[in-house]
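As a basis for the values below, the full set of heavy atoms in this structure was taken, side chains included, without hydrogen atoms, waters or symmetry mates. Note that the coordinates shown come from a computational prediction; the quantities given were computed from them, not determined experimentally.
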Amino acid sequence: MKKIEHMTEEELNNQLKTIGEERENFERDMKKMQEAWEEENFKAARRYQRWEEMRERFSPEDTRMRNFINAHQNLMNAMKKRQQEISENAKATYDKMQREWDMQEEDIFLQMCKLQEDRDKG
């Protein structure tokens, strides 16, 4: 990519458009990820509910069923913890990208102002 100082006004406008598309794509991907997690959490909660209902049918001494349900609960907790970690990392990445995009847009705006000043003088 050319340095902003060497770009034409058209190239600067295209760069602004690209930044906007990158933001939209990132936000769309984050939303899709969140929706997928919500759906998976809902399915897991339904499975857990069914297993709880099944557990009631077994005797309290049936440790296999209790162990199975406890293992699933542990898996759900680990999954939620991992989702939280990924969400935090994605948020940190998004904040970093947001700052970078903001700086690029500011640089582009300043360069466009400089081009306009040069046209006004020339």
Side-chain angles (χ1 to χ4, degrees):
M1 186 174 97
K2 287 167 69 174
K3 286 190 168 204
I4 289 177
E5 302 84 42
H6 304 292
M7 289 185 179
T8 65
E9 191 167 349
E10 182 180 347
E11 290 171 322
L12 292 169
N13 282 325
N14 288 338
Q15 190 63 29
L16 282 174
K17 182 180 175 188
T18 300
I19 291 169
E21 290 169 353
E22 287 175 357
R23 283 181 201 247
E24 289 174 11
N25 291 341
F26 195 92
E27 289 168 358
R28 184 181 60 248
D29 291 346
M30 295 258 300
K31 185 176 181 180
K32 283 181 183 177
M33 182 175 60
Q34 185 66 34
E35 289 170 354
W37 285 346
E38 288 171 4
E39 182 178 336
E40 186 56 37
N41 288 339
F42 178 74
K43 288 177 184 176
R46 281 189 20 213
R47 280 192 306 270
Y48 180 73
Q49 179 63 35
R50 285 195 302 269
W51 292 334
E52 280 287 324
E53 292 167 1
M54 286 174 25
R55 185 174 76 168
E56 293 171 5
R57 295 184 209 142
F58 288 84
S59 77
E61 293 82 33
D62 188 351
T63 57
R64 290 175 301 159
M65 188 59 153
R66 191 171 352 142
N67 290 343
F68 181 71
I69 290 172
N70 289 341
H72 183 264
Q73 186 64 43
N74 291 339
L75 181 63
M76 282 180 55
N77 290 339
M79 182 177 74
K80 287 181 181 180
K81 182 179 178 185
R82 182 67 181 136
Q83 287 174 353
Q84 182 65 32
E85 291 170 358
I86 292 171
S87 289
E88 289 170 4
N89 289 342
K91 173 91 172 88
T93 299
Y94 181 72
D95 290 345
K96 179 183 170 217
M97 294 298 294
Q98 190 74 17
R99 286 189 300 274
E100 188 176 310
W101 290 323
D102 289 346
M103 288 189 311
Q104 287 177 358
E105 286 176 335
E106 184 178 335
D107 291 345
I108 289 169
F109 176 74
L110 292 173
Q111 183 62 24
M112 290 176 104
C113 289
K114 184 179 179 297
L115 288 175
Q116 183 63 42
E117 286 175 7
D118 291 347
R119 271 198 307 273
D120 291 347
K121 289 179 186 176

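Heavy atoms only, all atoms of each residue included: Leu115 and Thr8 are closest at CD1-C, 4.2 Å. Minimum heavy-atom separation, Gln111 to Glu5: NE2-O, 3.4 Å. The shortest heavy-atom contact between Met33 and Ile86 is SD-CG2, 3.9 Å.
Atom CD1 of residue Ile108 and atom CD of residue Glu11 lie 11.0 Å apart, to the nearest 0.5 angstrom. Atoms CZ and CG, from Phe109 and Leu16 in turn, are 10.5 Å apart once rounded to the nearest 0.5 Å. A distance of 10.0 Å separates CZ in Arg28 from CD in Glu21, rounded to the nearest 0.5 Å. Taking CD of Glu100 as the reference point, atom CD1 of Ile19 lies at 9.0 Å (rounded to 0.5 Å). Of the inter-residue distances, the one linking Asn25 atom CG with Glu22 atom CD reads 8.0 Å to the nearest 0.5 angstrom. Here Asp118 contributes atom CG and Cys113 contributes atom SG; the two are 11.0 Å apart, rounded to the nearest 0.5 Å.
Across Met97, Lys96, Lys91, a single residue satisfies side-chain contact (heavy atoms from CB on, under 4.5 Å) together with Thr93, and that is Met97.
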Between Gln83 and Asn41, is the side chain to side chain contact (heavy atoms under 4.5 Å, CB included) condition met? List the steps.
CA-CA 10 Å; Gln83 287 174 353; Asn41 288 339; 3.2 Å; yes
In sequence, state the C-alpha distance, the side-chain angles, and the governing distance for Trp37 and Gln34, and then conclude on side chain to side chain contact (heavy atoms under 4.5 Å, CB included).
CA-CA 5 Å; Trp37 285 346; Gln34 185 66 34; 4.0 Å; yes
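For Glu105 and Arg23, the salt-bridge test passes: some basic side-chain N is under 4.0 Å from an acidic carboxylate O. A salt bridge does not link Arg99 with Asp95: none of the charged nitrogens is closer than 4.0 Å to a carboxylate oxygen. Glu39 and Lys43 are joined by a salt bridge, as a carboxylate oxygen and a charged side-chain nitrogen come within less than 4.0 angstrom of each other. Using a cutoff of 4.0 Å between basic side-chain nitrogens and carboxylate oxygens, Asp107 and Lys3 are not scored as salt-bridged. Salt bridge status for Glu9 with Arg119: present, with a side-chain N to carboxylate O gap under 4.0 Å. The pair Glu38-Lys31 does not meet the salt-bridge criterion, since no charged nitrogen lies less than 4.0 angstrom from a carboxylate oxygen. Salt bridge Arg82/Glu85: present, at least one basic N to carboxylate O contact under 4.0 Å.
Tyr94 and Phe26 have parallel rings, their planes meeting at less than 30° on a 0 to 90° scale where 60° marks the start of perpendicular.
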All N/O donor-acceptor pairs, side-chain side in residues 72-79, below 3.5 Å, sequence neighbours left out:
unit_1: Gln73; atom_1: NE2; unit_2: Asn77; atom_2: OD1; d: 3.4
unit_1: Asn74; atom_1: ND2; unit_2: Asn70; atom_2: O; d: 3.3
unit_1: Asn77; atom_1: ND2; unit_2: Gln73; atom_2: O; d: 3.4

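Defined by atom type and a distance below 3.5 Å, a donor-acceptor pair is present between the side-chain atoms of Gln84 and Glu88. If you check the side chains of Gln49 and Arg46, you find no donor sitting under 3.5 Å from an acceptor.
The side-chain heavy atoms of Glu106 and Leu110, taken from C-beta on, include a pair separated by under 4.5 Å. For the pair Asn14 and Met7, the minimum side-chain heavy-atom distance is 4.5 Å or more.
At most 12 non-hydrogen atoms from other residues, nucleotides or ligands lie less than 6.0 angstrom from CD of Glu10.
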